[in-house]
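Some notes on the structure that comes next.
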Protein chains: 2
Amino acid sequence: MVQYSSFRVDTAFAALSDPTRRGVLEQLGRADASITDLAGKFHMTLTGMKKHVGVLQEAGFVTTQKVGRVRTCKLGPRGLEEEAAWISRYRQLWAARFDALDTVIEELKRKEKSDGRRKTRRA
Amino acid sequence: MVQYSSFRVDTAFAALSDPTRRGVLEQLGRADASITDLAGKFHMTLTGMKKHVGVLQEAGFVTTQKVGRVRTCKLGPRGLEEEAAWISRYRQLWAARFDALDTVIEELKRKEKSDGRRKTRRA
DNA sequence: TATATACGGAACCACATGGTTCAGTATTCA
DNA sequence: TGAATACTGAACCATGTGGTTCCGTATATA
């Protein structure tokens with residue numbers, strides 16, 4: 001029984017809301033990398049990148065391991081299951097909400113076409 | 001290749017990172033509501049709720065309409081398409097990254113199977 | 001008309017975020 | 001050994017966030 005805590009989803013979505021961090025995830029999807037590698041690739045200081053990696057690690061998206069003086073980052077065990085589940089569930093809700101209201105969807109289509117000249121709307 | 005604007009995804013994920021706002025979305029999935037309704041349901045001031053609704057509106061998840069003195073909120077035209085796309089794409093990346101590790105991929109397959117069949121999970 | 005309701009907006013607050021610099025420590029290598 | 005490398009951590013800064021209160025305005029209602 002998968003029970004996702006609100007806290008995890010919070011930190012996960014927060015982690016994903018930064019373009020640098022999404023970039024880091026994509027980068028690590030291609031190859032493992034050190035802090036220095038990532039800092040260089042995203043044009044910021046080591047300290048700055050370390051913070052981002054820390055956030056990703058906190059969210060469970062990244063694991064790191066230090067060998068010698070180099071800390072290597074790689075994708076962690078979480079594959080965004082819970083976030084995918086939340087979004088999927090919401091999309092069902094959303095679709096159901098719009099399915100039920102045919103008139104609204106029609107209204108919406110008309111609106112997108114005529115670009116907001118009509119204000120009269122029944123709901 | 002899907003081209004999604006980084007800005008939109010940023011604000012979308014940021015909007016979803018707050019549990020109150022996710023709650024509001026789920027609530028609006030069940031029924032439209034006024035600011036006062038939502039403020040009461042989530043135990044905060046009108047002004048506080050108005051800010052949350054503003055964030056959701058900015059992200060395109062919610063639309064509002066004022067009739068008389070009541071502003072009614074409803075789910076907007078965006079159904080998290082871009083966010084679902086990003087996550088789906090990342091999950092593929094992630095899975096490919098772990099292809100080498102047999103135990104993990106087995107775990108993934110088992111999970112995806114049960115995910116696809118039964119969506120019985122709650123928030 | 002008087003009053004209660006529902007919102008709008010400004011200002012404030014504590015704390016988080018996304019960066020930086022600076023001063024270390026631990027490793028590697030010539 | 002000594003110098004360069006790779007990171008760590010503290011401190012700082014500007015801005016953003018999630019709330020609040022206070023006051024104002026428009027609308028509904030008795």
Side-chain angles (χ1 to χ4, degrees), chain A residues 5-28 31-74 76 119-121 123, chain B residues 6-28 31-74:
Chain A
S5 81
S6 171
F7 169 74
R8 269 174 90 89
V9 180
D10 285 6
T11 57
F13 279 135
L16 295 179
S17 72
D18 185 274
T20 299
R21 284 193 293 262
R22 289 198 306 278
V24 167
L25 286 183
E26 296 184 355
Q27 183 57 41
L28 294 181
D32 297 349
S34 70
I35 304 282
T36 299
D37 291 340
L38 295 171
K41 219 155 273 184
F42 291 90
H43 311 101
M44 68 176 61
T45 59
L46 272 182
T47 310
M49 180 50 72
K50 206 171 73 81
K51 282 194 184 179
H52 280 304
V53 168
V55 171
L56 290 170
Q57 202 167 356
E58 194 69 24
F61 296 146
V62 160
T63 63
T64 71
Q65 191 190 7
K66 194 164 184 179
V67 175
R69 24 172 209 187
V70 179
R71 179 171 297 277
T72 300
C73 311
K74 58 181 65 178
K119 281 187 178 174
T120 51
R121 184 188 306 178
Chain B
S6 172
F7 170 73
R8 270 172 87 92
V9 180
D10 285 6
T11 58
F13 280 134
L16 295 179
S17 73
D18 185 272
T20 298
R21 285 195 291 263
R22 288 198 307 277
V24 167
L25 286 183
E26 295 183 355
Q27 182 58 41
L28 293 180
D32 297 350
S34 70
I35 304 282
T36 300
D37 292 340
L38 295 171
K41 219 154 274 184
F42 291 90
H43 312 101
M44 68 176 61
T45 59
L46 274 181
T47 310
M49 180 50 72
K50 207 171 70 80
K51 281 193 186 179
H52 280 305
V53 169
V55 171
L56 290 170
Q57 200 166 358
E58 193 69 25
F61 296 147
V62 161
T63 63
T64 71
Q65 190 190 8
K66 193 165 185 179
V67 175
R69 30 174 202 182
V70 179
R71 178 171 297 276
T72 301
C73 310
K74 58 181 65 179

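Just so we're clear, the structure is a prediction, and the values are computed from it rather than from any experiment. Convention: sequence-line order gives letters A, B, ...; per-chain numbering from 1.
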**Message:** So B/Gly48, base contact, sugar-phosphate only, or nothing? Heavy-atom distance under 4.0 Å.
**Reply:** base
**Prompt:** What is the nucleic acid contact for A/Ile35, judged by heavy atoms within less than 4.0 Å: base, sugar-phosphate only, or nothing?
**Reply:** sugar-phosphate
[atom1] of [X] versus [atom2] of [N]: gap in Å, rounded?
| X | N | atom1 | atom2 | value |
| --- | --- | --- | --- | --- |
| A/Met44 | D/dA6 | CE | C1' | 17 Å |
| A/Leu46 | C/dT21 | CG | P | 12 Å |
| B/Arg21 | D/dG19 | CZ | C1' | 12 Å |
| A/Phe42 | C/dG19 | CZ | C1' | 16 Å |
| B/Asp10 | D/dT17 | CG | P | 11 Å |
| A/Lys66 | C/dT25 | NZ | P | 13 Å |

**Asked** Can you check whether B/Arg22 reaches A/Phe13 side chain to side chain, under 4.5 Å on heavy atoms?
**Response** yes
**Message:** Do B/Thr64 and B/Gln57 have side chains that approach each other closer than 4.5 Å (heavy atoms only, starting at C-beta)?
**Reply:** yes
Counting side-chain heavy atoms from CB outward, which of [options] is closest to [X]?
| X | options | answer |
| --- | --- | --- |
| A/Thr47 | C/dA6, D/dA4, D/dT8 | D/dT8 |
| B/Lys50 | C/dG9, C/dT20, C/dG19 | C/dG9 |
| B/Lys51 | C/dG8, C/dC12, D/dA10 | C/dC12 |
| A/Thr20 | C/dG8, D/dG9, C/dG19 | C/dG19 |

**Request:** Taking all non-hydrogen atoms of both residues into account, name the closest pair between B/Ala12 and B/Phe61 and its distance.
**Result:** CB-CZ, 3.6 Å
**Fill in**
Shortest non-hydrogen pair, A/Thr45 vs A/Ala39, comes out as O-CB, 3.9 Å
Please state whether the phosphate of [N], meaning OP1 or OP2, lies under 4.0 angstrom from any side-chain nitrogen or oxygen of [X].
| X | N | result |
| --- | --- | --- |
| B/Arg71 | C/dG8 | yes |
| B/His43 | D/dG19 | no |
| A/His52 | C/dT17 | no |

**Request:** Consider only side-chain N and O atoms of A/Glu58 and A/Thr11, and report whether a donor and an acceptor are under 3.5 Å apart.
**Result:** no
**Prompt:** On DNA chain C, nearest-nucleotide positions of A/Val67 versus A/Asp18: which is more 5'?
**Reply:** A/Asp18
**Asked** Toward the 5' end of DNA chain C, which comes first, A/Met49 or A/Arg69, by nearest nucleotide?
**Response** A/Met49
